[in-house]
Amino acid sequence: MTDFLKCNHCGFECKGLTLHLKYKHSQTPKEYREQFPDAEIFSKSVRKQMSASNPLKGTTCTFEERYGDRADEIKAKIGKSQGRLEKERNGLDKQKQ
Ligand SMILES: [Zn+2]
């Protein structure tokens with residue numbers, strides 16, 4: 001079963017376009033979705049994994065999960081959504097302790 005997405009800009013095939021968009025097209029997934037409303041950022045299997053590993057949100061994972069080592073840099077760029085995520089994470093931390 002093929003489970004790859006095609007980049008609508010250049011036809012590049014991969015399972016997650018986040019990094020590809022950033023490096024090749026200097027575009028955030030959000031901008032990509034605005035430009036191509038029907039396009040997916042992650043392949044089916046990746047989305048399945050993400051929702052399975054993150055029971056809180058079907059499609060939203062932490063910046064660290066999504067961007068790895070570049071999480072901090074990207075968080076700085078997306079100030080607004082960071083605040084929301086931080087809130088969620090702080091809530092989680094409190095529950096854990
Ligand atoms: Zn591309």
Side-chain angles (χ1 to χ4, degrees):
M1 194 179 93
T2 49
D3 184 40
F4 288 99
L5 290 169
K6 248 188 191 169
C7 170
N8 279 339
H9 290 296
C10 67
F12 176 81
E13 290 188 356
C14 61
K15 289 198 170 192
L17 285 173
T18 309
L19 290 175
H20 172 76
L21 289 174
K22 182 176 165 57
Y23 290 117
K24 294 288 178 186
H25 308 295
S26 303
Q27 197 172 39
T28 65
K30 196 181 169 234
E31 287 164 347
Y32 182 77
R33 289 298 282 270
E34 280 167 8
Q35 196 173 347
F36 306 105
D38 294 332
E40 295 293 349
I41 301 294
F42 296 101
S43 71
K44 277 181 194 166
S45 68
V46 174
R47 273 181 286 147
K48 232 183 198 175
Q49 276 174 22
M50 287 194 317
S51 52
S53 64
N54 189 346
L56 284 178
K57 293 261 176 184
T59 51
T60 307
C61 57
T62 66
F63 278 88
E64 281 74 13
E65 281 175 302
R66 198 176 272 193
Y67 300 111
D69 290 337
R70 308 187 70 88
D72 285 339
E73 180 191 323
I74 289 164
K75 271 195 280 189
K77 277 191 180 175
I78 326 173
K80 219 177 179 184
S81 7
Q82 182 206 1
R84 194 159 41 92
L85 273 180
E86 287 288 306
K87 239 187 205 172
E88 284 172 14
R89 213 177 304 154
N90 288 342
L92 275 181
D93 288 341
K94 270 180 199 164
Q95 281 173 12
K96 274 181 198 166
Q97 284 163 4

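Computed from a predicted structure; not experimentally measured. Every number for a ligand or one of its atoms is a count from 1 in the order of the listing.
- Around the Zn ion (ligand 1), the protein N, O or S atoms found under 2.8 Å comprise C7 SG, C10 SG, H20 NE2, H25 NE2.
- Between H9 and F36, the closest side-chain pair of non-hydrogen atoms falls below 4.5 Å.
- Taking 4.5 Å as the limit, every side-chain heavy atom of F42 sits out of range of all side-chain heavy atoms of K15.
- Between K22 and E73 there is a salt bridge, since at least one side-chain N of the basic residue sits less than 4.0 Å from a carboxylate O of the acidic one.
- Residues L21 and I41 meet the side-chain proximity criterion, which asks for heavy atoms closer than 4.5 Å.
- Side-chain atoms of H25 and E31 include no donor-acceptor pair closer than 3.5 Å.
- In this view, F12 and H20 satisfy the ring-ring contact (aromatic ring centres under 6.0 Å, His included) rule, not counting sequence neighbours.
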